[in-house]
Amino acid sequence: MSKKFASEDGSFKRQVSSFRETISATHPIYKPEKGRYWLYVSLACPWAHRALITRVLKGLTSVIGISVVHWHLDEKGWRFLPYDDSNKPDDVSFTPSAELKPYDELSNSGVENHSIRYGTDGTIDHNYHFERLSQLYFKSEPEYSARYTVPVLWDLKTQTIVNNESSEIIRILNSGVFDKVADPHPDIDLLPKELESEIDEINSWVYDNINNGVYKTGFAEKQEIYEKEVTNLFKHLDKVESMLKGRYETLKTTHFSEEDILKSFYLLGNQLTEADLRLYPTLIRFDPVYVQHFKTNLNTIRSGYPYIHLWLRNLYWNDKAFHDTTNFNHIKWHYTRSHTRINPLSITPLGPSPNILPL
Ligand SMILES: N[C@@H](CCC(=O)N[C@@H](CS)C(=O)NCC(=O)O)C(=O)O
């Protein structure tokens, strides 16, 4: 990762997203329709991961297609696998990302930054056969001059980016605008009215101190900044731990078995909400990558945070939307081989094994 991510004082600054439209029946341009919108994602990226999970939870896998960039990010940004007419690439466009072929989690040797294994390293751009994500940004906005980030919610009709801010994309997908065309799915509202203000409150400190906190720790370019950020990060993990401990103890008074407790073991109000969804992508990456790569190593989730660990494994092992969108290979390869300022030799650690413990 180059110096351009850090500001003069050595701290990491995340840029703001530039496409901020929505989709609704009353929107002059972007109306809800099956097959009209497309998600461009990276399976490594925690922000894109939120959108992928929401897409599955809301029964939108046959409504909104996806293309997955190669896990390796280089100086020109994200790229797709090359389109080649003679070579029929696996079409994963209308299936959840889990359909990407699993790969032995310990066989990192032989994995090259330029490897082209369709359905393993990523997919083609199904719509335009573009080589780079940047081309999509320029197609939408020829004057575009910021970074080419995922996720991108794309409109195939106007050929423009609707939105590239994950927190807004998940609200669009959750809003119910696609309900009439969605696949059958459990009735899930990630942002119930009565919990909205609490969710917003949790989101704001989780974003700043945990979701972005791991990046601020890992990309710190000065010892004092690193120490300040890592300490702050763990202070907020402690806060999540005590919230979940409280939730567990409350549930224990009314639920007989652990199996029963787990059915309601979420941050807020006995139900899965956006607060859980926005925390998960960071915490599932924590032990496998952030602990060593971003030096967030004051503790691990598995040995220092029993309630977070239980919550995390419950989501991963008991909810397909979380499990099937989590690709530890993309996660590990991406960080360890793309951030060459942090890891100049691009050697991917084998551990921890397993990436996540059984429930
Ligand atoms: N605010 C954005 C942030 C997205 C973001 O930073 N994505 C990273 C990957 S995790 C990216 O695409 N970076 C590419 C680059 O900076 O070149 C969101 O939440 O949607």
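Quantities reported herein were computed from a predicted structural model and do not represent experimental measurements. Numbering of ligands and ligand atoms starts at 1, following listing order. Note that the numbering runs from 1 along the sequence shown for the chain.
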Q. Is Tyr148 touching ligand 1 with its side chain, its backbone, both, or neither, if touching means heavy atoms under 4.0 Å apart?
A. backbone

Q) Between the side chain of Lys295 and the main-chain N/O of Val291, is any donor-acceptor distance below 3.5 Å? A) no

Q. Got an N/O contact under 3.5 Å between Ser167 and ligand 1?
A. no

(Q) Looking at Asp238 and Lys235, is any side-chain nitrogen of the basic one under 4.0 Å from a carboxylate oxygen of the acidic one? (A) no

Q: Taking only heavy atoms of Pro151 into account, list the atoms of ligand 1 that are under 4.0 Å away from them.
A: 20 (O)

Q: Mind checking whether Ile169 contacts ligand 1 via backbone (N, CA, C, O), side chain (CB onward), both or neither, at a 4.0 Å heavy-atom cut-off?
A: neither

Q | Contact atoms of ligand 1, heavy-atom distance to Asn164 under 4.0 Å | A | 20 (O)

Q: Check whether any N or O atom of Pro46, backbone or side chain, sits under 3.5 Å from an N or O atom of ligand 1, and answer yes or no.
A: no

Q) Would Lys252 and Glu249 pass as an ion pair if we require N to O under 4.0 Å? A) no

Q.
Less than 6.0 angstrom separating the ring centers of Tyr335 and Tyr290, yes or no?
A. yes

Q: Would you check whether Ser42 reaches within less than 4.0 Å of ligand 1, judged by its heavy atoms?
A: no

Counting only pairs under 3.5 Å, give me each side-chain donor-acceptor contact of residues 167-174, with atom names and distances, residues two or more places apart or in other chains.
unit_1: Ser167; atom_1: OG; unit_2: Glu165; atom_2: OE2; d: 2.7
unit_1: Glu168; atom_1: OE1; unit_2: Arg20; atom_2: NE; d: 3.0
unit_1: Glu168; atom_1: OE1; unit_2: Asn163; atom_2: ND2; d: 3.0
unit_1: Glu168; atom_1: OE2; unit_2: Arg20; atom_2: NE; d: 3.2
unit_1: Glu168; atom_1: OE2; unit_2: Arg20; atom_2: NH2; d: 2.7
unit_1: Arg171; atom_1: NE; unit_2: Glu274; atom_2: OE1; d: 3.4
unit_1: Arg171; atom_1: NE; unit_2: Glu274; atom_2: OE2; d: 3.0
unit_1: Arg171; atom_1: NH2; unit_2: Asp200; atom_2: OD1; d: 2.8
unit_1: Arg171; atom_1: NH2; unit_2: Glu274; atom_2: OE1; d: 2.8
unit_1: Asn174; atom_1: OD1; unit_2: Lys58; atom_2: NZ; d: 3.3
unit_1: Asn174; atom_1: OD1; unit_2: Leu190; atom_2: N; d: 2.9
unit_1: Asn174; atom_1: ND2; unit_2: Asp189; atom_2: OD1; d: 3.0

(Q) When you compare ligand 1 with Ser166, is there at least one nitrogen or oxygen pair between them that comes in under 3.5 angstrom? (A) yes

Q) Looking at Phe178, does the NZ or CZ of Lys34 lie under 6.0 angstrom from its six-membered ring centre and within 45 degrees of the ring axis? A) no

Q: Answer with side chain, backbone, both or neither: which part of Glu165 has a heavy atom less than 4.0 angstrom from an atom of ligand 1?
A: both

Q) Looking at side-chain heavy atoms only, is the closest gap between Trp71 and Trp78 below 4.5 Å? A) no

Q) How is the hydrophobic cluster of Leu345 composed, in terms of its other members, when Ile, Leu, Val, Met, Phe, Trp and Tyr link through side-chain heavy atoms under 4.5 Å apart, directly or indirectly? A) Ile347

(Q) Quick check: Thr149 and ligand 1, any N/O pair under 3.5 Å apart? (A) no

Q. If you count the atoms of ligand 1 from 1 in the order shown, which ones are under 4.0 Å from a heavy atom of Cys45?
A. 7 (N), 9 (C), 10 (S)

